[in-house]
Structures are given as structure tokens and as C-alpha cells.
Amino acid sequence: MLVTEIYNALKQAQLVSTLEEYSTQWLNKHKTTASYLIHKKRDLSFSSKLSCIKNIKNKSNDIVTGK
């Protein structure tokens with residue numbers, strides 16, 4: 001599931017430490033969203049995927065520019 005793959009990649013890169021942080025800061029959702037999706041064996045909605053991609057792009061640009 002993409003929700004888990006993205007979380008694991010962000011965690012490995014030390015950009016996220018908890019599922020709650022991932023849900024709120026990367027998916028722009030309620031703090032329990034990622035846990036719920038994993039528990040129910042569901043994946044991210046299209047809008048959540050877009051939000052996550054946007055946040056990854058913005059945060060990677062911040063890292064590159066030193067913000």
C-alpha cells in the first residue's frame with residue numbers, strides 16, 4: 001500500500017517520526033488517518049496523494065534552499 005511505502009520512505013529519511021506526524025504534516029489529514037488506513041487495509045485517496053506529493057516537493061525545496 002502506498003500509504004505505508006511513503007511513510008517508511010519518509011521515516012527512513014528521518015523526515016517523520018510518527019504516523020500522527022505523517023498524517024497531519026504530510027497528508028494534511030486528521031492525526032489518526034494513516035493508522036486508520038493501515039488498519040483497514042485501505043490506501044490514500046487521490047486528493048491525499050496530491051497533498052502528499054505537494055508537501056514532499058515543498059519540503060525538499062526548503063531543504064535545498066536552506067529554509
Side-chain angles (χ1 to χ4, degrees):
M1 291 188 316
L2 195 57
V3 65
T4 307
E5 289 180 43
I6 295 171
Y7 173 70
N8 289 335
L10 291 171
K11 190 166 184 170
Q12 185 176 9
Q14 298 179 344
L15 296 173
V16 68
S17 56
T18 65
L19 283 171
E20 291 84 7
E21 182 183 347
Y22 172 51
S23 295
T24 58
Q25 295 181 12
W26 295 88
L27 301 178
N28 298 334
K29 298 290 183 185
H30 187 270
K31 67 181 182 176
T32 61
T33 299
S35 296
Y36 175 81
L37 291 172
I38 292 167
H39 174 73
K40 292 291 188 176
K41 296 183 176 144
R42 294 185 181 174
D43 215 348
L44 298 169
S45 66
F46 184 73
S47 65
S48 293
K49 289 175 189 174
L50 289 177
S51 290
C52 191
I53 290 168
K54 179 181 169 189
N55 288 328
I56 290 170
K57 180 183 174 208
N58 289 340
K59 291 180 192 233
S60 64
N61 285 340
D62 290 348
I63 292 168
V64 170
T65 60
K67 291 183 179 178

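With rounding to the nearest 0.5 angstrom, the CG atom of Leu10 is 11.0 Å from the OG atom of Ser17. Atom CD of Glu20 is separated from atom OG1 of Thr33 by 10.5 Å, given to the nearest 0.5 angstrom.
Put simply, the side chain of Asn28 never gets that close to the backbone of Ser48: no donor and acceptor are under 3.5 Å apart. Using modelled atom types, one side-chain atom of Ser23 and one backbone atom of Ala34 make a donor-acceptor pair closer than 3.5 Å.
When only modelled atom types and interatomic distance are considered, Ser35 and Thr32 share no side-chain donor-acceptor pair under 3.5 Å.
In the hydrophobic clustering of this structure, Trp26 groups with Met1; members are Ile, Leu, Val, Met, Phe, Trp, Tyr whose side-chain heavy atoms approach within less than 4.5 Å, directly or through other members. Side-chain heavy atoms closer than 4.5 Å link hydrophobic residues (I, L, V, M, F, W, Y) into clusters, and following such links, even through other members, never connects Leu50 to Ile56.
Of all heavy-atom pairs spanning Leu44 and Tyr22, the tightest one is CD1-OH, 4.2 Å. Minimum interatomic distance between Lys49 and Leu2 (heavy atoms only, all atoms of both residues): CE-CD2, 3.9 Å.
Exactly one of Ile38, Leu37, Leu19 qualifies for a side chain to side chain contact (heavy atoms under 4.5 Å, CB included) with Thr4. That residue is Ile38.
In this structure, Lys31 places its NZ atom where only 12 or fewer heavy-atom neighbours from other residues, nucleotides or ligands lie under 6.0 Å away.
At a threshold of 4.5 Å between non-hydrogen side-chain atoms, the residues Cys52 and Leu27 count as touching.
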